[in-house]
Amino acid sequence: MPPVPPQNTAAGAAAGADAATAPAPAPEPQALQIVSVDSTGVFVLNEDAIKVITRNPKVKEMPVVVVSVAGPFRKGKSFMLNFFLRYLMHESESDWLGNEEAALSGFKWRAGAERETVGIWVWSEPFIRKNSVGKEVAVLLIDTQGTFDNRSTMKENAVIFALNALISSFHVYNISQLIQEDVLQHMHLFTQFGVLAQKNTEVTEKPFQTLMFLIRDWSNSEYSLGEEGGEQYLQKVLTANDGKKELASVRDQIRGCFQSLRCFLMPHPGFEVSEKANFDGRLRDIRPQFIEQLRKFVPLVLRSESLIQKTVCGEVVTFDGLIDYLRSYVDVFKLGGDLPEIGTVFDATARVNHLNIKRAIVDEYRRDITAKAGPGRPYMAEADLDTEHEELKAKYLAKFRNTRKLGAQHFENEFLEQLEADITKIYDEHIEMNRHKQLLSTMRTPIVLGGLAFGTHVIGMLFYLIGVSSFSVLLSYATWCCLLAIGFWFYSTYSGQFHEAAGEIDRVAKILEDAAKSVLVTYYFGEGGKILAGSSSSGGGADKTKAKKKN
């Protein structure tokens with residue numbers, strides 16, 4: 001056996017260390033289950049999945065657009081959602097549907113009679129898009145467990161639908177052939193929520209945003225396929241008088257709870273889709289009539305004009321805020337047993353609504369006080385800083401009181417106290433920072449200006465001795481200006497007055513200091529001196545200095 005060549009163990013160890021410290025690559029975008037249902041029917045939030053979808057810091061404070069699909073099981077919800085996904089991935093291309101030989105992928109789906117999706121799933125990578133007014137929003141796609149299968153209880157069905165409706169800004173309700181009575185009854189829980197929300201807030205707008213009925217396998221020639229026929233059919237359903245008071249009430253509540261009610265009629269996708277055991281979503285197997293309507297429906301939901309920011313009580317919900325709402329709802333619904341009282345769901349929503357408004361106002365206060373006394377700002381007299389703080393605090397407490405909130409009286413005092421405590425904590429941090437500035441800035445400015453005064457005085461005396469009195473007088477003025485600036489700076493620093501002017505003096509001193517350093521380094525080390533001076537291993541620096549001086 002030939003001898004094994006010696007290995008560079010140090011290099012191997014270094015490579016191993018690099019591999020150990022290198023950041024893990026981001027996981028590929030995929031569908032993640034964020035809400036599951038355990039064997040006892042309890043709803044559970046998947047915090048690991050939440051961490052994945054919120055890992056991008058850019059989207060955390062961005063307004064969110066939530067497009068969800070819900071409805072009875074085995075009616076093609078996940079199948080349709082994957083076309084949404086394809087559109088968002090390829091909308092800039094001439095034909096977003098792509099190659100007719102490409103299999104459909106993304107959210108889990110398959111043909112057959114058994115349900116595929118359980119709980120609530122979300123695409124792990126939010127899509128950043130611009131809405132109709134040019135504002136960037138984070139678009140989130142949500143898939144939900146099919147309802148009315150032989151494994152789900154009535155509670156699960158109602159909760160899944162209610163959760164979807166509560167967190168969505170564009171809610172697609174995917175059903176087959178007709179809007180039947182059971183569909184309207186299924187909406188009773190969240191329409192009751194909408195009624196309660198309208199009674200307990202000063203906001204006049206309807207609590208829910210867009211509900212789109214997507215009716216699949218449409219075959220009634222009385223109404224044409226697409227949006228126009230769908231709108232006509234929906235009006236007929238919502239104005240029908242069948243003598244049943246409960247359904248009439250639900251119809252009224254649906255109209256009163258949603259800002260926009262829409263409907264789209266889709267044809268059957270073809271027997272290749274419904275009967276072919278190994279169908280994988282290739283366009284070649286789908287009826288042309290279905291593809292024609294698909295090209296109209298998907299952009300109708302996802303084009304910029306339809307990207308409606310999620311709001312609660314008129315307040316725009318951020319990506320982080322949406323997660324707060326989801327946590328709160330899961331806590332309410334996971335208790336098991338009967339469905340929670342609608343007032344409990346309402347209180348959960350109102351609490352998160354107050355919390356998000358408070359957070360936004362705290363961020364505004366932090367931004368304003370930082371602009372006055374944050375890093376990079378000069379020392380300010382504590383009396384002046386306290387005055388600024390009191391004015392800002394009064395402004396933002398009033399803003400919180402005057403902001404429209406859900407159930408405004410119920411949580412007003414609790415969150416107002418929290419807001420005041422948060423503002424006070426931020427102010428205390430800035431007071432401490434301000435005191436450090438007074439100590440840290442005492443040395444550099446007077447030393448730089450004192451050095452400049454000394455230099456101009458010495459050079460002025462030399463000019464005077466050689467008889468160039470005009471330059472001598474000019475430099476004498478410069479000396480006195482430096483001394484006056486030092487005197488003014490000391491007064492401002494220790495009295496806290498004229499802090500803006502003192503800040504300008506600090507800025508000029510810093511410019512002079514940097515210029516002096518640059519001149520000295522260039523003189524001694526040439527153009528490469530800055531790099532040489534910054535190197536901790538410049539052993540030849542002293543030799544180069546001596547050589548320069550000899551020359």
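Note: hydrogens, waters and symmetry copies are ignored here, and every other heavy atom, side chains too, is used. All figures in this text were calculated on a predicted structure; none of them were measured in a lab.
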Distance-minimising heavy-atom pair for [X] and [Y]:
X	Y	answer
Pro126	Val59	CG-CG2, 4.5 Å
Val362	Ile426	CG1-CD1, 3.6 Å
Arg86	Trp96	CG-O, 3.4 Å
Trp121	Gln33	CE3-N, 3.4 Å
Lys130	Leu307	O-CD1, 4.0 Å

Rounded distance (nearest 0.5 Å) linking atom [atom1] of [X] with atom [atom2] of [Y]:
X	Y	atom1	atom2	answer
Ser472	His457	OG	NE2	9.0 Å
Ile369	Leu392	CD1	CG	5.0 Å
Ile142	Ile120	CD1	CD1	7.0 Å
Leu85	His90	CG	NE2	8.5 Å
Lys60	Leu322	NZ	CG	12.5 Å
Glu125	Ile128	CD	CD1	8.0 Å

With no hydrogens and no angle check, do the side chains of [X] and [Y] hold a donor and an acceptor under 3.5 Å apart?
X	Y	answer
Tyr365	Asp422	no
Thr479	Thr456	yes
Thr210	His171	no

Is the backbone of [Y] close enough, under 3.5 Å, to the side chain of [X] for a donor and an acceptor to pair up by distance?
X	Y	answer
Arg55	Val52	yes
Asn402	Ala398	yes
Ser306	Leu300	yes
Gln209	Thr311	yes
Thr54	Ile50	yes
Ser169	Val66	yes
Thr424	Glu420	yes

Contact between [X] and [Y] at the side-chain level, heavy atoms closer than 4.5 Å - yes or no?
X	Y	value
Arg401	Leu416	yes
Val65	Asn131	no
Glu382	Asp384	no
Asp368	Tyr396	yes
Asn46	Val35	no
Val301	Phe84	yes
Ile505	Phe488	yes
Lys135	Gln309	yes

Please test Leu140 against Val67 for side chain to side chain contact (heavy atoms under 4.5 Å, CB included), starting from the C-alpha separation and ending with a verdict. CA-CA 6 Å; Leu140 202 61; Val67 179; over 6 Å; no
Who pairs with Arg366 by salt bridge (charged side-chain N to carboxylate O under 4.0 Å, His left out), at least two apart in sequence or on another chain?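 So Arg366 forms no salt bridge (charged side-chain N to carboxylate O under 4.0 Å, His left out) with any residue.
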Given side chain to side chain contact (heavy atoms under 4.5 Å, CB included), test Leu88 with Trp123 step by step and report yes or no. CA-CA 12 Å; Leu88 288 170; Trp123 192 249; over 6 Å; no
Step by step, would you call Glu390 with Lys395 a salt bridge (Lys or Arg N to Asp or Glu O under 4.0 Å)? CA-CA 8 Å; Glu390 290 298 333; Lys395 170 186 171 182; over 6 Å; no
Evaluate the side chain to side chain contact (heavy atoms under 4.5 Å, CB included) criterion for residues Arg129 and Glu136: first the C-alpha distance (whole Å), next the side-chain angles of each, then the deciding distance (0.1 Å), finally the verdict. CA-CA 6 Å; Arg129 293 290 183 274; Glu136 280 195 336; over 6 Å; no
Step by step, would you call Phe400 with His354 a side chain to side chain contact (heavy atoms under 4.5 Å, CB included)? CA-CA 9 Å; Phe400 181 82; His354 278 70; 4.1 Å; yes
Check ion pair Glu388-Lys393 (N to O, under 4.0 angstrom):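 Here Glu388 does not pair with Lys393 in a salt bridge, since their nearest N and O are not under 4.0 Å apart.
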Going by an N to O cut-off under 4.0 Å, is there a salt bridge joining Glu61 and Arg359?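 No, no charged N to carboxylate O under 4.0 Å.
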